[in-house]
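So that the names make sense, note that chain A is the first sequence line, chain B the second, and so on, each numbered from 1. The shown structure was predicted, so the numbers you read here are calculated from the model rather than taken from an experiment.
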Amino acid sequence: MKTLRLLHECSRQTLFSSISRALASAATSTQLHKLHSLIITLGLHHSVVFSAKLIAKYAHFRDPTSSFSVFRLASPSNNVYLWNSIIRALTHNGLFSEALSLYSETQRIRLQPDTYTFPSVINACAGLLDFEMAKSVHDRVWEMGFSSDLYIGNALIDMYCRFNDLDKARKVFEEMPLRDVVSWNSLISGYNANGYWNEALEIYYRFRNLGVVPDSYTMSSVLRACGGLGSVEEGDIIHGLIEKIGIKTDVIVSNGLLSMYCKFNGLVDGRRIFDKMVLRDAVSWNTMICGYSQVGLYEESIKLFMEMVNQFKPDLLTITSILQACGHLGDLEFGKYVHDYMITSGYECDITASNILINMYAKCGNLLASQEVFSGMKCKDSVSWNSMINVYIQNGSFDEAMKLFKMMKTDVKPDSVTYVMLLSMSTQLGDLDLGKELHCDLAKMGFNSNIVVSNTLVDMYAKCGEMGDSLKVFENMKARDIITWNTIIASCVHSEDCNLGLRMISRMRTEGVTPDMATMLSILPVCSLLAAKRQGKEIHGCIFKLGLESDVPVGNVLIEVYSKCGSLRNSFQVFKLMKTKDVVTWTALISACGMYGEGKKAVRSFGEMEAAGIVPDHVAFVAIIFACSHSGLVEEGLNYFHRMKKDYKIEPRIEHYACVVDLLSRSGLLDKAEDFILSMPLKPDSSIWGALLSACRMSGDTEIAERVSERIIELNPDDTGYYVLVSNVYAALGKWDQVRSIRKSIKTRGLKKDPGCSWMEIQNKVYVFGTGTKFFEQFEEVNKLLGILAGLMAKEGYIANLQFVLHDIDEDEKRDILCGHSERLAIAFGLLNTKPGTPLQVMKNLRVCEDCHTVTKYISKIVQRELLVRDANRFHVFKDGACSCGDYW
DNA sequence: CTAGGGTTAG
């Protein structure tokens, strides 16, 4: 070695300076070790200057063990210079607690620290998030009168920023008598780290106004703030300044530019910057690779990775980004390859990387590999546990998830994410008890104020049927976001409190939250449920304003809303305006036609859909057969039923069979329907027999009706509607014992009857008529009017359908009758409160009964009005004594 | 003082 030879020739003086220079320029750790041995051989290892340089240099090569042995060997006892060096070296290598314990040792041996001691100690406090130590160190800085030191001040700003205590950081900053560019940069990056983009920019502009030239760190932080704000104009201005200062080629700056433009417009500008970069480092590659991953262009990110491998060694972050891409692509093969690469690169112990591996393997469907990674981890954090718990939940292994949760508690503290996942699991399971237990648990841990947790709680309570508790959590929230509102609105819909849902929408607006697509999609079904055309239109307007009208799911729901609100015309309008239509769009239109008895239009639409190359699914076939059935198109309906299997290889499901039974029996082909049922390959359920039974009732075929009734009772259905149907059959036959036993079994099984009700909207107000609502306004007048109408109807030839005049009835049934007639109350009320000649629109939650159907026909003729009645299934337009359904319903 | 990575809710 040339240097060595030279050294021997030199005087002691030149020897010292030569070693100093050699130490400063040592480029590898091997060179450093050689120099170290030389220093020992020459007996210079007690030299404070060389020891300090060695300590720093070893730290530079990430070899804190050697730093430490140099420190011990130098027997430093009371030399603060060496203590500063070692504390600094340890901090530099992330050994914060070791650094702090050495600092404590200086106090024990009563060694006076100097201004050079504190910056590293403060950095160590920041690294450990040790608030207590931080306080005592800061106090000491005050006591020793170091608080105006520039470097200490800078370190303090950084520390408080890392503690997320921006106020304290700001205070230190404002009180500094002298600041340098690092002070400004630290504060700006502190605001950045906490997402306070505007504050970061504000500090930057204050800095600029002083006329100081920012450096590459400043610009990098400012670019990040622009990216965070999504402010393209601001970003372009900064970009211009960077060009002007001439630091565009600086790696830090160009990486900042790259990262900012990657956030703006789907990577187009980002890629351009990347391709033009003169100097790229690992961060540049990683930014681009992650950028692709983040927008879902996983293939692109892997392609770039392959390109990178040839010229640059991927680091831990590259590897983790690629592992995520593998997970999203489900590419197990490549994932395993990258995993091996990660191990050989020595990154196996990185917790984050292992967490990503757990996820990657799970996404690729290899649960075993996930478990292996998890159990092989020497050190787990809460994300590790959460990830594994989530794997089990996604896999449906709920017991395993709970077991792991219990184990987790013995290792690390569960965090808010843990509770969010487990709560959503209990929602899935409908397990209210578990949900409540978790709620108590998380309250104790102080996660009550976490917005995601609260959102999940709102959802959990609502879906488990506890709307009251759901609202309680909702009202107690201090801050709400768009998801909170969407969740509570969906909850209202779930608990069928439509009006509350609508009120929540307006409350949301007054609190300044703009509804989004999800809001629209959750509230629109309310409009169909309520048949609230006005609200529907209002929301439609909102959708236009928000620019969501071209969204396919929104359009699909709008078609449904308008059709259920009585406006087939509007449904067609929405349909025509939609640029993209999927099978759901067409199905919505076909169902709409079906509800209005427009069977021919439905058939035409179905043909157009096929011609447009859209492949119908099983729902589309339900819609078209339903439409045929409601228009008496028996041949066509049967044809579709056969075609779904023949042309589209769709195996008919029970609902298709039910539609066909409906189709045949509605047209009076009861025997054929019964044969069809007996020949079907699936076991007929209550929906199948129920369809036949409804038709029997209409055609008065008691023989089949009784046979079918027995079948239904055998099936023991959960839907009260079927028991009511059967009980009506027995009542009509005068078999009261059976009627009573059915009633009893409904009660013992705890089934609730759907109370029938009707409602209508007059001048933006909804009036509801139904069970127990005798005391509405104008009750007397309504009854009087109904009496008059009854007289007029009798003159026209109306005879009440005696089949439904039941004897032996209790209070319950009397009310049922009243409910059955709730649409009559609504119609009479409407007649009283609208101008002669105006059409009326009445909504009903159940199917319209035979007698009411007849009565409404008469009324439409007597009062010469168009009466539109929407029941649970479809629309009936009564006009001049006839109904649009042609008595198919 | 700098850039890039993990689990969660409607």
Side-chain angles (χ1 to χ4, degrees), chain A residues 123 151 154-155 157-158 161 180-190 192-193 214-224 227 250-260 262 281-291 293-294 315-324 327 347 350-360 362 381-391 393-394 414-425 427 447 450-460 462-463 481-491 493-494 516-519 521-522:
Chain A
N123 284 339
Y151 297 95
N154 286 348
I157 294 174
D158 180 57
C161 287
D180 67 357
V181 66
V182 177
S183 327
W184 293 91
N185 291 349
S186 301
L187 193 62
I188 294 173
S189 82
N192 266 346
D215 67 1
S216 48
Y217 289 103
T218 324
M219 297 327 285
S220 149
S221 294
V222 174
L223 289 169
R224 187 171 167 209
D250 184 293
V251 189
I252 291 176
V253 175
S254 51
N255 282 345
L257 278 172
L258 173 63
S259 153
M260 180 184 77
C262 278
D281 66 0
V283 175
S284 330
W285 285 96
N286 291 346
T287 306
M288 203 63 227
I289 289 171
C290 291
S293 246
Q294 269 158 11
D315 68 3
L316 183 60
L317 268 86
T318 328
I319 290 170
T320 51
S321 302
I322 288 303
L323 283 174
Q324 283 185 84
Y347 295 129
D350 186 83
I351 296 186
T352 301
S354 303
N355 294 344
I356 294 172
L357 278 173
I358 294 172
N359 259 297
M360 186 273 291
D381 65 5
S382 64
V383 179
S384 324
W385 288 96
N386 289 345
S387 301
M388 200 61 220
I389 290 173
N390 190 38
V391 169
I393 294 178
Q394 298 309 318
D415 59 17
S416 61
V417 176
T418 321
Y419 286 101
V420 167
M421 293 185 319
L422 291 172
L423 280 171
S424 91
M425 180 184 91
T427 310
F447 295 134
N450 181 297
I451 195 161
V452 183
V453 170
S454 303
N455 290 344
T456 318
L457 280 169
V458 169
D459 189 51
M460 185 275 290
K463 294 234 174 83
D481 63 7
I482 177 82
I483 294 182
T484 319
W485 288 103
N486 291 349
T487 308
I488 195 72
I489 289 162
S491 300
V493 179
H494 183 84
D516 68 358
M517 197 103 78
T519 323
L521 285 173
S522 49

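- Of the side-chain N and O atoms in A:Arg224, one or more sit less than 4.0 angstrom from OP1 or OP2 of B:dA3.
- A:Ser183 OG to A:Asp158 CG: the interatomic distance, rounded to the nearest 0.5 Å, is 11.5 Å.
- Distance A:Met388 CE to B:dT8 P: 14 Å, rounded to the nearest Å.
- In this structure, the nucleotide among B:dC1, B:dT8, B:dA9 sitting nearest to the side chain of A:Asp481 is B:dA9.
- The two residues A:Met360 and A:Leu323 have their closest heavy-atom pair at CG-O, 3.2 Å.
- Judged by distance alone, the side chain of A:Asn192 and the main-chain N or O of A:Ser221 form a donor-acceptor pair under 3.5 Å.
- Within 4.0 Å of A:Ala490, counting heavy atoms only, lies no atom of the nucleic acid at all.
- A:Asp315 is listed as a side-chain neighbour of A:Thr318, based on a closest heavy-atom distance under 4.5 Å.
- The side chain of A:Ser220 lies closest to B:dA3, out of B:dC1, B:dA3, B:dA9.
- Of the listed nucleotides (B:dG5, B:dC1, B:dA9), B:dC1 has the atom at the smallest distance from the side chain of A:Tyr217.
- In this model, a donor atom of one side chain and an acceptor atom of the other lie less than 3.5 Å apart for A:Thr218 and A:Asp215.
- Counting to the nearest Å, the C1' atom of B:dA9 and the CG atom of A:Asn450 are 10 Å from each other.
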For a side-chain hydrogen bond (donor to acceptor under 3.5 Å, both in side chains) check, start with the C-alpha distance between A:Ser387 and A:Asn390, then their side-chain angles and the critical distance, and finish with the verdict.
CA-CA 5 Å; A:Ser387 301; A:Asn390 190 38; over 6 Å; no
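- Out of B:dC1, B:dT8, B:dG4, the shortest distance to the side chain of A:Leu317 is found at B:dG4.
- If you take CG of A:Asp315 and P of B:dG4, they are 13 Å apart, rounded to a whole angstrom.
- Among the nucleotides B:dC1, B:dG4, B:dA3, the one closest to any side-chain atom of A:Asp281 is B:dA3.
- Here A:Thr456 lies in heavy-atom contact (under 4.0 Å) with sugar-phosphate atoms only.
- The side chain of A:Thr287 has B:dG4 as its nearest neighbour among B:dG4, B:dC1, B:dT8.
- Of all nucleotides listed (B:dT2, B:dG5, B:dA9), B:dG5 comes nearest to the side chain of A:Cys290.
- The CD1 atom of A:Ile289 sits 14 Å away from the C1' atom of B:dA3 (whole-angstrom rounding).
- The side chain of A:Ser259 contributes an N or O atom lying less than 4.0 Å from OP1 or OP2 of B:dG4.
- Distance A:Asn192 CG to B:dT2 P: 10 Å, rounded to the nearest Å.
- Of the candidate nucleotides B:dC1, B:dT8, B:dG5, B:dC1 has the atom nearest to the side chain of A:Ser189.
- Nucleic acid contact for A:Thr352: base, since at least one base atom lies under 4.0 Å from a heavy atom of the residue.
- A:Leu316 comes within 4.0 angstrom of a base, heavy atoms only.
- Atom CG of A:Asp215 and atom P of B:dA3 are 13 Å apart (whole Å).
- In the set B:dT7, B:dG5, B:dA9, B:dA9 carries the atom at the smallest distance from any side-chain atom of A:Ser424.
- In this model, the phosphate group of B:dT7 is not approached by any side-chain N or O of A:Gln394 to a distance below 4.0 Å at OP1 or OP2.
- Nearest nucleotide to the side chain of A:Val283, out of B:dG4, B:dT2, B:dT7: B:dG4.
- A distance of 8.0 Å separates SG in A:Cys290 from CD1 in A:Ile322, rounded to the nearest 0.5 Å.
- You won't find any donor-acceptor pair under 3.5 Å spanning the side chain of A:Asn255 and the base of B:dG4, going by distance alone.
- Between the P atom of B:dG5 and the CG atom of A:Asp350 lies a distance of 14 Å, rounded to the nearest Å.
- In this structure, CG of A:Asn390 is placed 8 Å from C1' of B:dT8, rounded to the nearest angstrom.
- Judged by distance alone with a 3.5 Å cut-off, no donor-acceptor contact links the side chain of A:Asn286 to the base of B:dG5.
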